[in-house]
Amino acid sequence: MGDIQQDLPELTHIAIVPTPGMGHLFPLIEFAKRLVVQHKFAITFIVPNDGTSSIGLQKKLLQSLPKPISSLFLPPISFDDLPTDSVIETRIELTLTRSLPALRQTLKALTESTRFVALVVDIFGPVAFDVAQEFGIPPYIFFPTTALVLSFFFYLPKLDAITSAEYGQLPEPIKLPGCVPVQGHDLFNPLHDRKSEPYKAFVHMTSRYNRASGILVNSFLDIEPGPFKALIERVHGNPPVYPVGPLIQTILSNGSDEPECLRWLDEQPKVSVIFVSFGSGGTLSQEQFTELASGLELSGQRFLWVIRTPNDKTSDGAFFTLKGNKSPFDYLPEGFLERTKDLGLVVDSWAPQVRVLAHDSTGGFLTHCGWNSTLESVVYGVPLVTWPLYAEQKMNAVLVGDEGLKVGLRVKKNEKGIVGREEISEYVKVLMEGEEGKLMRKRMNQLKESAKLALSHEGSSTKSLAEVAQIWENHKN
């Protein structure tokens with residue numbers, strides 16, 4: 001294992017430990033690339049193995065990176081003892097917790113030949129702090145979502161101590177320094193049952209955030225000036241915070257072998273297509289899937305829709321589970337593809353999202369509002385219809401919606417928890433044709449320019465990363 005590092009003795013070495021989920025890995029890869037290119041660091045990814053099919057994709061992705069970035073995969077762990085209905089956050093954190101002995105052994109072997117100046121974990125990673133400190137390595141967090149969510153993480157242990165009610169029953173929204181107010185029902189799913197083990201684990205995890213040597217946030221000053229001001233001034237008693245975003249996937253062209261959806265977009269008028277996708281993990285119930293199909297058809301707008309097999313049990317059904325035996329096309333309303341063949345294109349499970357959002361024909365994005373997807377929309381100036389499903393997506397929807405940036409139109413569910421076809425049609429038409437949609441597009445284009453500026457040579461995020469890099473260089477000497 002040490003051979004990789006011995007080839008690069010003069011470089012400053014960083015270890016990165018991601019938790020499961022491609023959405024966690026993508027921004028960490030971009031972060032690693034930036035450290036290599038701008039600051040001449042060497043990076044070693046040490047990857048916990050949840051035993052799912054995504055590990056193969058992660059290996060392929062990491063092994064394709066340039067040589068100063070290397071990767072090691074820990075032995076797979078088992079979830080056989082977990083209830084089938086255990087929440088996604090529990091499974092993610094347990095993947096790392098159960099991998100700690102292997103992480104310790106790996107770091108012991110690596111540190112015999114290499115001096116690491118930091119161990120960087122992601123949002124669920126504080127459980128690894130003790131292992132880092134055993135080897136004298138300062139622990140840092142790469143926080144892949146918003147300064148708003150980070151502010152809430154620092155506040156949660158206090159909220160837990162001063163509040164007895166369930167958060168969804170709080171009469172007033174939660175107000176944090178510099179942040180848009182957040183209703184209790186918009187918090188992470190595990191926080192809706194305070195007696196549950198996932199809730200207790202979540203509070204314990206956030207209570208460890210103050211032990212980080214620093215936190216790098218995949219956001220930027222101009223999109224969240226209020227939260228960042230409070231965090232940088234350390235009003236929460238928090239460690240140093242560094243905005244380093246927006247770090248999104250790099251566009252990679254396949255040359256002449258272009259996906260069908262990009263060729264189809266080439267034939268559409270500019271800013272005429274709404275892209276519909278719920279990320280790498282999101283799933284809808286069969287009833288909701290049918291309503292969405294009918295709503296897109298009813299809207300009369302051009303659409304590009306990434307579909308997945310419906311799941312009636314959970315909204316994050318694609319995160320850990322394998323694809324079913326049936327094609328998702330089998331669940332579409334009868335005759336839907338024929339009726340909409342001149343209007344839209346439906347693709348199975350995946351599209352090159354960044355390239356779709358960057359395309360001139362894309363004029364809107366109906367999204368689960370994961371932060372990677374939201375940042376990609378900002379970078380390419382595409383306004384949103386927000387349809388949050390799980391994790392921090394509801395909080396992201398609050399940030400980009402009417403209470404915050406005013407670049408996202410949030411869907412509302414009926415008493416059955418369904419968004420009806422007529423409402424879906426209306427949201428799509430407002431975004432693509434309405435005056436409100438035009439104003440949202442204008443505001444999103446302003447954010448696009450701010451994002452570009454943040455990552456420029458003298459930009460706020462570039463300077464912020466350079467500040468951390470200097471700390472790490474000084475730790476080496």
Side-chain angles (χ1 to χ4, degrees), residues 22-23 53 84-85 87-88 189 259-261 264 273-353 356 362 364-370 373 384-391 393-394 396-397 408-432:
M22 296 305 292
S53 59
T84 53
D85 61 350
V87 298
I88 188 173
N189 289 351
E260 179 197 3
C261 62
W264 180 82
V273 176
I274 185 162
F275 178 49
V276 182
S277 176
F278 293 92
S280 56
T283 45
L284 303 176
S285 68
Q286 173 64 75
E287 182 180 358
Q288 186 61 86
F289 185 81
T290 301
E291 289 298 307
L292 177 54
S294 301
L296 291 172
E297 181 179 352
L298 195 60
S299 75
Q301 302 296 311
R302 289 179 173 83
F303 64 86
L304 170 57
W305 181 16
V306 180
I307 61 170
R308 278 202 187 82
T309 301
N311 189 316
D312 286 337
K313 292 180 180 177
T314 178
S315 60
D316 54 28
F319 198 96
F320 277 105
T321 53
L322 298 171
K323 287 175 66 175
N325 294 327
K326 287 179 71 175
S327 163
F329 286 94
D330 296 338
Y331 297 89
L332 289 167
E334 190 174 348
F336 172 79
L337 292 175
E338 180 61 30
R339 292 192 303 272
T340 60
K341 65 182 180 182
D342 296 326
L343 201 62
L345 180 68
V346 182
V347 298
D348 182 354
S349 301
W350 180 85
Q353 180 165 299
V356 169
T362 304
F365 185 13
L366 193 161
T367 172
H368 64 309
C369 219
S373 294
L384 310 168
V385 172
T386 63
W387 191 321
L389 297 177
Y390 60 95
Q393 294 161 12
K394 292 175 186 174
N396 296 344
L409 198 62
R410 185 170 176 178
V411 303
K412 292 182 174 63
K413 297 180 178 179
N414 61 24
E415 63 283 352
K416 289 172 61 184
I418 297 292
V419 188
R421 62 189 67 185
E422 290 83 7
E423 289 74 21
I424 293 167
S425 170
E426 188 60 24
Y427 292 129
V428 171
K429 286 193 284 190
V430 167
L431 184 72
M432 299 303 291

Point-to-point distance, once rounded to the nearest 0.5 Å, from CG of Leu409 to CG of Leu384: 9.5 Å

Glu422: salt bridge (charged side-chain N to carboxylate O under 4.0 Å, His left out) partners, not counting sequence neighbours: none

Any residue meeting side chain to side chain donor-acceptor pair (under 3.5 Å) with Gln353, in chain and number order, not counting sequence neighbours: Ser373, Glu376

Rounded distance [0.5 Å steps], CD1 in Ile274 versus CE in Met432: 6.0 Å

Note, Val347 side chain near Leu304 side chain (heavy atom, < 4.5 Å): yes

Approximate separation, where rounding is to 0.5 Å, of Leu343 CG and Leu337 CG: 12.0 Å

Mutual orientation of the aromatic rings belonging to Trp387 and Phe278 [parallel < 30°, tilted 30-60°, perpendicular > 60°]: perpendicular

Qualifying residues under salt bridge (charged side-chain N to carboxylate O under 4.0 Å, His left out), relative to Glu426, sequence neighbours excluded: none

Any residue meeting side chain to side chain donor-acceptor pair (under 3.5 Å) with Lys313, in chain and number order, not counting sequence neighbours: none

For Cys261 against Leu345, the heavy-atom pair lying closest together: CA-CD2, 3.6 Å

Side-chain touch Val346/Phe336, heavy atoms, less than 4.5 angstrom: yes

Full working for side chain to side chain contact (heavy atoms under 4.5 Å, CB included) between Leu366 and Phe303: CA-CA 10 Å; Leu366 193 161; Phe303 64 86; over 6 Å; no

Residues forming a salt bridge (charged side-chain N to carboxylate O under 4.0 Å, His left out) with Glu334, sequence neighbours excluded: none

Pairing residues for Lys412 by the salt bridge (charged side-chain N to carboxylate O under 4.0 Å, His left out) criterion, not counting sequence neighbours: none

Gap separating the OH atom of Tyr427 from the OG1 atom of Thr386, nearest 0.5 angstrom: 9.0 Å

Worked verdict on Thr340 versus Leu296 for side chain to side chain contact (heavy atoms under 4.5 Å, CB included): CA-CA 9 Å; Thr340 60; Leu296 291 172; over 6 Å; no

Side chains of Tyr390 and Val87 in contact at under 4.5 Å (non-hydrogen atoms): no

Contact list for residues 287-302, test salt bridge (Lys or Arg N to Asp or Glu O under 4.0 Å), sequence neighbours left out: Glu287-Lys416, Glu291-Arg421, Glu297-Arg339

Partner residues of Tyr331 under the ring pair (Phe, Tyr, Trp, His ring centres under 6.0 Å) criterion, sequence neighbours left out: none

Value rounded to 0.5 Å, distance of OG1 in Thr309 from CZ in Phe329: 10.5 Å

Set of ring pair (Phe, Tyr, Trp, His ring centres under 6.0 Å) partners for Phe275, sequence neighbours left out: Phe365

Polar side-chain atom of Asn396 near backbone of Cys369 as donor-acceptor pair, under 3.5 Å: yes

Steps toward side chain to side chain contact (heavy atoms under 4.5 Å, CB included) verdict (Asn189, Lys394): CA-CA 10 Å; Asn189 289 351; Lys394 292 175 186 174; 4.1 Å; yes

Those residues that, when tested against Ser277, pass side chain to side chain donor-acceptor pair (under 3.5 Å) (two or more places apart): none

Step-by-step side chain to side chain contact (heavy atoms under 4.5 Å, CB included) determination, Leu284 to Leu389: CA-CA 9 Å; Leu284 303 176; Leu389 297 177; 4.1 Å; yes

Ser425 and Ser294, any side-chain heavy atoms less than 4.5 Å apart: no

Asp312 side chain vs Gln286 backbone, donor-acceptor pair below 3.5 Å: yes

Any donor-acceptor pair under 3.5 Å from Ser285 side chain to Gln288 backbone: yes

Interatomic distance, Gln301 atom CD to Leu431 atom CG [nearest 0.5 angstrom]: 9.0 Å

All side chain to side chain donor-acceptor pair (under 3.5 Å) counterparts of Glu415, not counting sequence neighbours: none

4.5 Å side-chain heavy-atom contact, Glu423 and Asn414: no

